[in-house]
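Remarks on the structure that follows.
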Amino acid sequence: MGIPLDIYILYRLQREEAGCEHFLLLKVERPGFRNAIEPEYEAAIATAEHKQAHLLSIYQTQVLPHECPGKHLLARVGELQSRPVGEELLEDGGGFYVELWVAETRFGHPWVVMGTARNEEEFWQRVEEDEDLVSLGAIRPAVKRRVWFLTEHRKAG
């Protein structure tokens, strides 16, 4: 049985001519599905992707234009399909900025470990206390990013 799963996706939006860089973190839930039924798995993936696209559109049309008008290039920085470090990212509200630590993993792009913490040392300590995150083989150092956090339970900010 594929259980419902929160997925965290980090994007970078850039305008080279303006020299700007913005980061967006989305949290969506992939619905549960029965493993033995391929169409249910495919439907769960499609549902999560649809939610991501919808939230990305909201950010690009309702939030980003107020900070930095113009067309931005979009890149997927990373994804975490596990519980992140810190409590802020577990909430369903979103619609605010958060200081996010991000580290690559031994599995390569797009898989990352991420979370909130007062500093990098605390981030790594919390990662090392979580068996699921340890199993991802996070690679030091972590990078700190200021990101707009948006979930499927809140429209914008």
Side-chain angles (χ1 to χ4, degrees), residues 1-14 21-65 67 71-117 123-124 126-140 142-157:
M1 181 76 173
I3 62 171
L5 177 69
D6 285 336
I7 301 173
Y8 295 83
I9 310 99
L10 180 61
Y11 291 98
R12 179 181 59 239
L13 295 97
Q14 283 182 290
E21 183 175 65
H22 310 272
F23 290 91
L24 169 66
L25 178 62
L26 302 180
K27 174 185 172 186
V28 298
E29 181 183 277
R30 184 196 68 202
F33 57 91
R34 291 176 286 181
N35 288 339
I37 303 177
E38 183 72 18
E40 283 189 18
Y41 169 75
E42 291 171 0
I45 297 298
T47 297
E49 289 174 351
H50 175 77
K51 292 174 185 180
Q52 291 172 38
H54 179 70
L55 291 174
L56 187 55
S57 175
I58 288 171
Y59 178 76
Q60 290 175 308
T61 60
Q62 297 179 24
V63 179
L64 186 58
E67 295 180 5
K71 184 165 177 63
H72 289 72
L73 297 175
L74 178 68
R76 182 183 223 140
V77 174
E79 182 172 320
L80 175 66
Q81 295 186 3
S82 184
R83 183 183 171 122
V85 168
E87 301 301 315
E88 290 175 280
L89 302 179
L90 302 179
E91 297 179 16
D92 283 331
F96 54 85
Y97 279 103
V98 64
E99 300 296 320
L100 184 73
W101 291 97
V102 182
E104 296 178 7
T105 72
R106 64 186 169 101
F107 295 106
H109 188 268
W111 309 113
V112 298
V113 170
M114 65 177 71
T116 58
F123 170 75
W124 285 113
R126 289 184 176 183
V127 167
E128 291 166 4
E129 293 169 353
D130 186 301
E131 289 180 29
D132 291 333
L133 296 179
V134 167
S135 72
L136 296 174
I139 301 168
R140 293 175 187 255
V143 177
K144 187 176 182 181
R145 301 280 186 211
R146 181 175 185 257
V147 304
W148 183 257
F149 179 49
L150 192 57
T151 78
E152 64 188 273
H153 300 288
R154 182 172 176 136
K155 296 299 183 203

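Only heavy atoms go into these numbers, but all of them, side chains included; no hydrogens, no water, no symmetry mates.
- Atoms NZ and CD1, from K27 and I9 in turn, are 11.5 Å apart once rounded to the nearest 0.5 Å.
- We find that E128 and R140 are joined by a salt bridge, their nearest charged nitrogen and carboxylate oxygen being less than 4.0 Å apart.
- Here the side chain of R106 pairs a donor or acceptor atom with the backbone of S135 at under 3.5 angstrom.
- Taking each heavy atom of G86 and T116 in turn, the nearest pair found is CA-OG1, 3.3 Å.
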### Query
Going through the checks in order, is the side chain to side chain contact (heavy atoms under 4.5 Å, CB included) test met by I45 and R30?
CA-CA 7 Å; I45 297 298; R30 184 196 68 202; 3.8 Å; yes

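- The two residues Q52 and Y11 have their closest heavy-atom pair at OE1-OH, 3.6 Å.
- With rounding to the nearest 0.5 angstrom, the CG atom of L24 is 8.0 Å from the CG atom of L55.
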### Candidate pair V112 and L10, rule side chain to side chain contact (heavy atoms under 4.5 Å, CB included), full reasoning
CA-CA 9 Å; V112 298; L10 180 61; 5.8 Å; no

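- The environment of R34 atom CZ is sparse: at most 12 non-hydrogen atoms of other residues, nucleotides or ligands sit within 6.0 angstrom.
- Rounding to the nearest 0.5 Å places CD of E152 at 10.0 Å from NE2 of H54.
- Shown here for A138 and V113, the closest heavy-atom pair between the two residues is CB-CG2, 3.8 Å.
- Enclosure of atom NE2 in H109 by more than 12 non-hydrogen atoms of other residues, nucleotides or ligands within 6.0 angstrom is indicated.
- Of all heavy-atom pairs spanning T105 and W111, the tightest one is OG1-O, 3.2 Å.
- Partners of Q81 according to the side chain to side chain donor-acceptor pair (under 3.5 Å) rule, which considers only residues two or more places apart in sequence or in another chain, are E79.
- Under the 30°/60° scheme for interplanar angles, the aromatic rings of Y41 and F33 are found to stand perpendicular.
- Nearest heavy atoms, M114 versus F123: C-CE1, 3.7 Å.
- Contact record, Y8 with L25: CB-CD1, 4.1 Å, taken as the closest heavy-atom pair.
- A distance of 11.5 Å separates CG in L64 from NZ in K71, rounded to the nearest 0.5 Å.
- Between L74 and L56 there is a side-chain heavy-atom pair separated by less than 4.5 Å.
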### Task
Starting from the C-alpha separation in whole Å, work towards a yes-or-no answer on side chain to side chain contact (heavy atoms under 4.5 Å, CB included) for H22 and Y59.
CA-CA 11 Å; H22 310 272; Y59 178 76; 3.7 Å; yes

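- Residues forming a salt bridge (charged side-chain N to carboxylate O under 4.0 Å, His left out) with R126 (at least two apart in sequence, or on another chain): E122.
- Taking 4.5 Å as the limit, some side-chain heavy atom of L89 sits within range of a side-chain heavy atom of L100.
- Within the 4.5 Å cutoff, the side chain of W101 has no heavy atoms near those of the V85 side chain.
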### Task
List the steps, then state whether side chain to side chain contact (heavy atoms under 4.5 Å, CB included) holds for R83 with D6.
CA-CA 8 Å; R83 183 183 171 122; D6 285 336; over 6 Å; no

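- Here the side chain of S82 pairs no donor or acceptor atom with the backbone of L133 at under 3.5 angstrom.
- Here the side chain of T47 pairs a donor or acceptor atom with the backbone of A43 at under 3.5 angstrom.
- How far NZ of K51 is from CG of L26: 12.5 Å, rounded to the nearest 0.5 Å.
- Taken to the nearest 0.5 Å, the CD atom of E99 stands 5.0 Å off from the NZ atom of K144.
- The number of heavy atoms from other shown groups lying within 6.0 Å of CD (E131) does not exceed 12.
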